[in-house]
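When reading the values below, keep in mind they use all heavy atoms of this one structure, side chains included, and skip hydrogens, waters and symmetry mates. Note that the structure is predicted; figures quoted are calculated from it, not measured. Naming convention: chains lettered A, B, ... in sequence-line order (proteins, then strands); numbering from 1 in each chain.
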2 protein chains.
Amino acid sequence: MKLIFATSNQNKIDEVKRITNLEIEGTSLEIEEIQSLDPVKVAVEKAKAYFNELKTPLLVEDTSLSFNGLGGLPGPYINDFAKALGNNGLIELLQNRDNRRAVAQVTFALILDENTIHTFEGKVEGVITNEEKGKNGFGWDPIFIPTGSDKTFAEMQDSEKDRYSMRAKALALLQEFLLANPL
Amino acid sequence: MKLIFATSNQNKIDEVKRITNLEIEGTSLEIEEIQSLDPVKVAVEKAKAYFNELKTPLLVEDTSLSFNGLGGLPGPYINDFAKALGNNGLIELLQNRDNRRAVAQVTFALILDENTIHTFEGKVEGVITNEEKGKNGFGWDPIFIPTGSDKTFAEMQDSEKDRYSMRAKALALLQEFLLANPL
């Protein structure tokens, strides 16, 4: 059974296909996310909203990037921050701040029916660089160095990124669940 | 006829009552706002969502505060920015930046039936101060000086604030509309 992965971001679809053996397909339906600094709440509400339209089991994802020095911002608003500021603008937000720590989180919400939603969270701590580094990956990969490495995600090959990445961690939990509870 | 003003912010209800002769009442129903940097879109979607539940003509409001130097952020996310950072944190976002200009916008959306939504926008330009000033008002009133004044909103008496305020401008448009098109 192909699972619908409700995202318009082809990069995310590609990563899920690379990391898992899940059979997924995208959807052209676009539903707005809610305003909240809680990634799980954003993902759960998104899953409900898509299910309400599509009436089939489906998967949604929220990626958030929280700066410790900014009270958790951008958090789930990272997409709009990135659009408004670009990676260099994100770096400037932390200009002259000692605390460059950040937490990247990917939350998958799998909705099976109206009342059954499972969430899978992957988190990775790291720091925001002073300048963009590397050409791989997408989004803010060039400015995030995960703890334990000295490279940004954009300086890593896929296999190395997947060892650190919050998306891979969340997907591991999702896969484990689906193995025990096939659709 | 009393109009439902769908907000949980008593300060906003008080301002509408002070500025207009509209008969309004609040609602305990809380619906999440959508993620968007477009205040009109946020207001329109909120109006639709409330109407979908309450099935009666109603009014919603979105307040946004956009920093010119931050690509329009915080915009409609000003509430979450304020919660995460406080007024001093908002000031710090502009630390060492020459461009302290900002636009405050209030958008009312009046929904009469599923297909009839009217929006009323009030904007005021100004600057963000280097420190909090004044004790009146609410929210970010202590850090916003509207163009044409040398005081923050929080240093003004109500009557003076209402001469500048984006909420008063939007309400004037709403009142004009309701005078020509009684409910």
Winner by heavy-atom pair count (cut-off under 4.5 Å) against chain B, out of A:G86, A:P74, A:G71, A:G72
A:G71

Distance check, rounded to the nearest 0.5 Å: B:I34 atom CD1 versus A:E45 atom CD?
14.0 Å

Pair A:N79, B:Q35 - check side chain to side chain contact (heavy atoms under 4.5 Å, CB included), show working.
CA-CA 10 Å; A:N79 279 345; B:Q35 282 187 37; 5.8 Å; no

Tell me, for A:Q95 versus chain B, whether the close heavy atoms (under 4.5 Å) come from the side chain, the backbone, both or neither.
neither

Side chain, backbone, both or neither: which part of B:E92 has an atom under 4.5 Å from a heavy atom of chain A?
both

Could you walk me through whether B:D80 and A:Y77 pass side chain to side chain contact (heavy atoms under 4.5 Å, CB included), step by step?
CA-CA 10 Å; B:D80 277 330; A:Y77 303 147; 2.4 Å; yes

Given heavy-atom pairs under 4.5 angstrom as the criterion, report whether the side chain, backbone, both or neither of A:L85 touches chain B.
side chain

Give the C-alpha distance, both sets of side-chain angles, the deciding distance and a yes or no for side chain to side chain contact (heavy atoms under 4.5 Å, CB included) between B:L93 and A:L70.
CA-CA 9 Å; B:L93 283 182; A:L70 289 183; 4.0 Å; yes

Does atom CD of A:Q10 have more than 12 heavy-atom neighbours, drawn from other residues, nucleotides or ligands, at distances under 6.0 Å?
yes

Should we say atom NZ of B:K12 is surrounded by more than 12 heavy atoms from elsewhere, each under 6.0 Å from it?
yes

Atom group of B:K41 that falls short of 4.5 Å from chain A, counting heavy atoms
side chain

Where on A:P76 is there a heavy atom nearer than 4.5 Å to chain B: the side chain, the backbone, both, or neither?
both

